[in-house]
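Chain identifiers are assigned alphabetically (A, B, ...) following the order of the sequence lines, protein sequences preceding nucleic acid strands; residue numbering begins at 1 within each chain. This one's a predicted model, so the numbers in the text were calculated from it and none came from an experiment. Values below: every heavy atom of this structure, side chains too, minus hydrogens, waters and symmetry copies.
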Amino acid sequence: MKKTVFAGFGGQGVLMMGYVFAVAAMRDGREVTYLPAYGAEMRGGTANCTVVVSDEEIFSPVSSSPDFAVIMNKPSLVKYEGVMNGGGTIFLNSNHVSRELTRDDLTSIRIPAVEIAKELGSERVVNMIMLGAFAAHTRMTSLDSIMNGLSEIVKDTKASIMKLNRRGLDRGAEYILKGDSR
Amino acid sequence: MKKTVFAGFGGQGVLMMGYVFAVAAMRDGREVTYLPAYGAEMRGGTANCTVVVSDEEIFSPVSSSPDFAVIMNKPSLVKYEGVMNGGGTIFLNSNHVSRELTRDDLTSIRIPAVEIAKELGSERVVNMIMLGAFAAHTRMTSLDSIMNGLSEIVKDTKASIMKLNRRGLDRGAEYILKGDSR
Amino acid sequence: MEELVFTRPRYIKKAPFHYCPGCGHSIIHRLVAEVIEELGIGEKTIGVPPAGCAVLAYDYFDVDMGEAPHGRGPALATGIKRILPDRIVFSYQGDGDIAAIGTSETIHTANRGENITVIFVNNNCYGMTGGQMAPTTLLGQNSTTTPGGRDENRDGPPIDLSEMLALVRGTVYIERTAVNSIRNIRNTKKAITKAFKAQIAGLGFSLVEILSPCPTNWKMSSTDSCRWIDESVMQTFPLKVIKDEIG
Amino acid sequence: MEELVFTRPRYIKKAPFHYCPGCGHSIIHRLVAEVIEELGIGEKTIGVPPAGCAVLAYDYFDVDMGEAPHGRGPALATGIKRILPDRIVFSYQGDGDIAAIGTSETIHTANRGENITVIFVNNNCYGMTGGQMAPTTLLGQNSTTTPGGRDENRDGPPIDLSEMLALVRGTVYIERTAVNSIRNIRNTKKAITKAFKAQIAGLGFSLVEILSPCPTNWKMSSTDSCRWIDESVMQTFPLKVIKDEIG
Amino acid sequence: MDKKLLMRGSQVIGEAAIRAGCRFYAGYPITPQNEIPEFMSGAMADLEGGTFIQAESEIAAINMVIGASMAGARAMTSSSSPGISLKQEGISFLAALELPAVIVNVMRGGPGLGNIAPSQGDYFQATRGGGHGDYRSIVLAPAHGQELADLTRKAFEYADRYRTPVMILADGMMGQMMEPVVFPDPINLDELPPKPWVLDGAQGRPSRIIKSLILDTVEMEEHNWKLDRKYKIISGEIPHAETYMTEDAKLVVVAYGTAARIARGGIKRAREMGLKVGLLRPVTLWPFPDRAIREMSRLVKDFMVFEMNTGQMIDDVRLSLEGRSNVHFYGRPGGIVSTPDEIGKAISSLYYRQHLKED
Amino acid sequence: MDKKLLMRGSQVIGEAAIRAGCRFYAGYPITPQNEIPEFMSGAMADLEGGTFIQAESEIAAINMVIGASMAGARAMTSSSSPGISLKQEGISFLAALELPAVIVNVMRGGPGLGNIAPSQGDYFQATRGGGHGDYRSIVLAPAHGQELADLTRKAFEYADRYRTPVMILADGMMGQMMEPVVFPDPINLDELPPKPWVLDGAQGRPSRIIKSLILDTVEMEEHNWKLDRKYKIISGEIPHAETYMTEDAKLVVVAYGTAARIARGGIKRAREMGLKVGLLRPVTLWPFPDRAIREMSRLVKDFMVFEMNTGQMIDDVRLSLEGRSNVHFYGRPGGIVSTPDEIGKAISSLYYRQHLKED
Amino acid sequence: MKPKKGRIVIDSRLCKGCYLCVSVCPNECIGISEESNEKGYHPAKVIGTKDANDRACTGCTLCAVICPDIAIEVYRG
Amino acid sequence: MKPKKGRIVIDSRLCKGCYLCVSVCPNECIGISEESNEKGYHPAKVIGTKDANDRACTGCTLCAVICPDIAIEVYRG
Ligand SMILES: Cc1ncc(C[n+]2csc(CCOP(=O)(O)OP(=O)(O)O)c2C)c(N)n1
Ligand SMILES: Cc1ncc(C[n+]2csc(CCOP(=O)(O)OP(=O)(O)O)c2C)c(N)n1
Ligand code: SF4
Ligand code: SF4
Ligand code: SF4
Ligand code: SF4
Ligand code: SF4
Ligand code: SF4
Ligand SMILES: [Mg+2]
Ligand SMILES: [Mg+2]
């Protein structure tokens, strides 16, 4: 059973990342829960969600001691670094979060997602780049599953945009596989 | 412990009779409860109340099996005759209720209160006449106590009216004492 | 040949009314029943009686009737009408019911333009509970909760709900009438007819406010009560068509 | 000599607002605080915040503040004011709070002429709960509970509570303003000042309805939101003095 | 002033409230308690600084009371069953905001519109919190006129002492009946302890907040436990029950309010027949006098709960006993007022069925 | 259609309701259940004969539901704790009028405004009748997404079968969480049994009355006993509890809803440590599965009630056991969601304290 | 044109003696009984007939229209 | 009359980058930062100075009056 937190500002596509990942994992045949922050927790411009993926029954969908965190801004790093499971991994959007981790029992993976997105010509795929990196590193699902999940969710999206999303995923994954992130 | 029901149409001063009697008995030093019918029970123009007077604690103020009934109209006779305690006494305003009792374990005392009131020059004292007769027969309180009770309740009533009330009480009592009611 | 020219309408059951002598409620019941009969809608009408003196209206109207909690008639009628849009639904309410506890339900049901008819019986008091001040009690009028008569500073002034309802867009027909004279009774029937016709035509929310005597709580004779409506009540609540968008 | 000509008013605490960027609530908070300061009533003012985005208003206003259940601010303020008639009491409410669930409390508090001031923030939606239709949502406006935009037939039209309140006798001052431009902000402050002055003079119920941007739920930028108020909201809710009996 | 007065129960509550320093009443008519607002309208008009408001609804009334309480007043509202249901959100707020207030429920038959006859169908609602969230209201159950006066006084005291809503749970019979009452002297408002939490304008001190929204779950939990600790203190301090002929009793009737009064009559009759029967009457329904019942269970193996409903307080009796004794039930819902004779019969029938006569 | 969908709990309730034939929904926004009205606004718009109304208040909503139910529709409303308090009068009317309806309470922290985090503070209100008078609502407590769908279907069935309001008691977590769900096929409205009490215009038959005012106390008493008999039938037919690892358990956790889900995790951890622990999860909260618990008490001498409140269901557990076994409590009110680890620790600590490890 | 002739029937069990019919009859055809009915009300009674000259009921229905208790039936012709 | 001279101070921790001040400044003295603040907003910043010619702040307070977050203080003189 693995818990992953996705966190950042509202508008960074954080909830979408988690949602797509959850659907992908469900279609892979895993047990899955997705819990968004809601209501007043969302005021002040932050957003986060927790996805639990497991091969057995999931008891609690909440983000106490997550194993992974995909962090899109500094306040989220502050919030989640402390509660991570020992040995956990934090994926950082390094264009927004410059500081280092303070815990040494965690691994950090830094992805310059904004830069990469700019290369692809659209800042809207920052979240897909992060998700691609996350999937490539954790191997909890495949990029194909993610694309399937995405098309299930955003049904009538233009092919060109879907293509862009795919390229975002690919570039994020590539970045990991090439080992640039260490 | 004696239970008395006062019953008739609204406007016949039925509730006042019971109230005055209850205050009189209280001032005599007895235990007393007064329970008026209320709310929807009062629609349809009927009114009734139950007064319980006792030398000990009163457990129930309701009119199940009353010992006495002061009855001002026919429907009330119908309603209460059946539930009276065996051996009980019913005081009937004979100008409004002509029929005889159907139970032979009850005593009826008939007072032509409207006639008497007319003699006194005001139909407003019908209830006092009945009350005077009731008090004289049951000896549960005195006419003086009733007058005291009355002045306690209707504080700033004109002396002339109080006088009239007194004459009503007296005439009712007289009617009993002279034995006219058998 | 002698002909029966006036008798109990078809949709009033043969039960004696529990109302006090001279009470306007039963006149209004009869008028509503006459209109239902004349419009031929008795078999598809559903009435909603209120908490109030008219709470037992279901014992009189011979149409389907469903009781509402105090003040909630319009909301309840909304539920019925939305499920059965081709039935005729009316809510029958007192002034306390409609303009005190039910203010919000009344205004929003009207605003949504629910296609129902409301019969609003304004007797300037809480009749059923024994004569307390109603939102419509006149200034200076006695009630059991306004010692010395209703006082504007202490108790606030009477409220004119019908005028307020005229402001919302969903209402198509609002008239204030009375049942204190032959003429006013006849006009009331016309108004009720118009209101139901508006509903039959699917136009929206219609309401007839009817000034109605409550001799018991006004502590007046029936005839004085009728006079008092003319002389006093109408000063504050003038009879008029308040809104008519039926065309 | 350089002089500080604009800074945080005395009766706003030094806490960052939790409101979204471009939200009108905090502008309105500041205006109310400025008026309280200018009228010198900060030490005797008691505010009643609503359930709504402004629920945390007590974290910002540096005066005594007592929370009300959703929609009941006017009733609660009535209780406070009747006990402390020489204090200044205001109730701060959203359009859902005042014109949906609180309709009845608002109208009857106004009708009684309670000597309080109501700040009515009309942002045409339920802000706090995430952008559902409010009674004031415009026709055609999108919300999370009106698929395809508010539809008059299905959802009813927007309701103009202030107009209705003008009909009741207890209200002395009602004005609709906005905070979408410098000019309107200045007028809003004048209106709030007048409303509080009416209360200080003991005249009765005063209310300022303020059109206020909710960029988040309108899904517009702050500047577009301000424009949209001019172009659309004011078509349905024109700025004006709706009632002024202050003289 | 210690003159006996014959007064209607509803008015007794009103008069006692005013003597207890109640200066704010808001209510809405409903039978059988209309005499409370009617009395208050006159009494408050005669009183310097007294406020009576006939609210537009029960909800408005309870919220006016919240406001008046925030402003420091001893405040009260009253209603009967359906109207009390409408006040549940407000009562939950009073509890959460830790505000004193007195709420009178003159119960009638229910559910729904029901009728206006005396009933005890709202026991669960009163004692379990008909509103949302973890809270309790103190519930006092008078059984006769004098106690209406005495417990109304107590209600205001408890409300202030514990900063919590207190409900007086009466029924239509008690509201309508007249009985002799002697009132305690009016309190002196100036001698009451100050309320250092009142909203009355900052006037130099830091501004105050009264609120129940606590978004942080850790803080909210602490608030819940704080309330819970308070409820534990109350449960230690004020449970009260009255006993009648229990010394040698083999069967004890548990009943409150009007039911208890009638039960006394039934017990007297049963005693006259030689049955060893007594009464335990909870005066506080919450906190429930569970210890008193539990202690009694050492000697008494049969309890008969008598309620004017289909069985609600019986849960609390069973919770008090947890199997230590047998718990039987006799109930008359819907506004039926049993006679003492009827209860006497129910008692003796149970007595023989349980073979209590044998030894 | 049996495809697994990842759906938010609130929407699951909405979709399941529509598949259960719900054709009328009225509600008022309140977090954390706004997604129910939001979902319904779209779904009903797409549905022939479907009505969605955003009511002006919770009170209006429940009364609209009363009307729709009178007219024969399967009808539903939903809210969260404070809004449910406001519906209590209406729920009492539904019970009294014997009308089917489904009410969803997505509980949040309370009392008062509280917070919007998951909580179970409304147990008493739901199971004891927060409204006035002698009545009960059926209360169903789902614990995960699939059950939200299944119990919503059941809720409508029970409501119709017994002509009584049914409450679905969920919490903020369940309302917000997404989980895979497989929906049952939509029912065919035409195949439902007819409702021979519906108000739809007399159309030749005698006119009908639906009312709850019964002024005559004898009739009212009979109505109360009639309802009581119905509640007894329901109590015989539908109590339901789920067990988990109870076969050899020495300690049984009793928990419902989200608390039960978390407790399963705690139990699994405790089992891993060799402790013989199981779970009993009431699925119906009223009628409470008291027999299931009582039977278990033959082997199990220690029960640990775990609730997300300060202790409410514990009363029902104690009433089920009446002293037969020990009842312990672990509670976290205010919106705190415990972790399975925390519960595991609470379990093991209790296990050792009770010396269950020894034999 | 011949003046219309009418006749009314008062159900004295339903009548509550409110005087409203009395007050509206243009021809003073209705009075109130001395006797009270079962409910204690003094019911209205017809005091004019079809044939009596100045108390001739015309069957105008006014009395019935205002009667709150539907206690009056009117015949004409 | 000499044109008034002004100066504003923007508290970038409070600012939420809503652009409202930018949109109302008659002298185009305010812009939005590239950098984001702690809360992720791009705060407003002063882009004109007292002395620069066509971006001279007059201390007119318009920006402060419309700022929803009381993030601007204005000095004059
Ligand atoms: C929730 C609730 N509150 C109060 C009552 C009591 N009650 C019944 S009718 C009524 C008001 C009656 O006045 P109105 O609506 O004017 O009708 P009327 O009797 O005058 O025709 C009241 C307060 C109730 N039944 N339910
Ligand atoms: C009884 C009750 N019902 C519903 C809610 C949920 N709720 C909180 S604020 C609100 C409406 C917010 O809209 P509005 O009053 O317009 O204020 P805004 O947030 O738009 O400023 C609602 C429905 C509640 N807190 N209490
Ligand atoms: S109290 Fe008034 S309204 Fe009610 S029945 Fe009597 S006269 Fe009619
Ligand atoms: S949701 Fe709207 S009203 Fe609420 S804080 Fe955000 S912008 Fe302001
Ligand atoms: S029908 Fe006309 S004339 Fe005849 S009694 Fe009636 S009112 Fe008089
Ligand atoms: S109007 Fe009707 S009720 Fe009144 S006196 Fe005439 S017949 Fe009788
Ligand atoms: S004070 Fe005036 S000139 Fe200066 S920055 Fe602000 S708006 Fe521009
Ligand atoms: S108006 Fe205020 S919050 Fe908005 S950008 Fe300018 S300084 Fe920042
Ligand atoms: Mg009325
Ligand atoms: Mg709003």
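For the side chain to side chain contact (heavy atoms under 4.5 Å, CB included) with C:Glu67, the qualifying choice from F:Ile66, F:Ile210, F:Leu213 is F:Leu213, the only one to do so.
In terms of heavy-atom proximity, C:Ala75 sits nearest to F:Ala60 at CB-O, 3.7 Å. The minimum heavy-atom distance between F:Arg23 and C:Ile83, with the atom names listed, is O-CD1, 4.3 Å. Nearest heavy-atom pair across C:Glu105 and F:Ser57 is OE2-OG, 4.3 Å. The shortest non-hydrogen separation linking F:Leu199 to C:Asp64 is CA-OD2, 3.4 Å. F:Ile209 and C:Lys13 get closest at one heavy-atom pair: CD1-NZ, 3.7 Å.
Both the backbone and the side chain of C:Ser104 come within less than 4.5 Å of a heavy atom in chain F. Both the backbone and the side chain of F:Ser212 have a heavy atom closer than 4.5 Å to some heavy atom of chain C. Residue C:Lys81: no heavy atom, backbone or side chain, is found under 4.5 Å from chain F. Using a 4.5 Å cut-off between heavy atoms, F:Leu97 contacts chain C through its side chain alone, with no backbone atom that close. Residue contact with chain F, scored on non-hydrogen atoms closer than 4.5 Å, involves the side chain of C:Arg87 exclusively. For F:Tyr25, no part lies near chain C; criterion is any non-hydrogen pair under 4.5 Å. Residue C:Leu56 touches chain F through its side chain alone, counting heavy-atom pairs closer than 4.5 Å. Heavy atoms closer than 4.5 Å to chain C are found nowhere in F:Val65, neither backbone nor side chain.
In terms of heavy-atom pairs under 4.5 Å with chain F, the best-connected choice from C:Val48, C:Leu84, C:Asn111 is C:Leu84. Among C:Arg72, C:Lys44, C:Arg112, the residue with the largest count of heavy-atom pairs under 4.5 Å with chain F is C:Arg72.
Side-chain contact of F:Ser207 with C:Asp62: a donor-acceptor pair under 3.5 Å is present, judged by distance alone.
Rounded to the nearest 0.5 angstrom, F:Met64 CE and C:Thr78 OG1 are separated by 5.0 Å.
F:Gln203 places no side-chain N or O within 3.5 Å of a backbone atom of C:Glu43 that could act as its donor or acceptor partner.
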### Task
Step by step, work out the salt bridge (Lys or Arg N to Asp or Glu O under 4.0 Å) result for C:Asp59 and F:Lys211.
CA-CA 11 Å; C:Asp59 285 345; F:Lys211 60 155 186 168; 5.2 Å; no

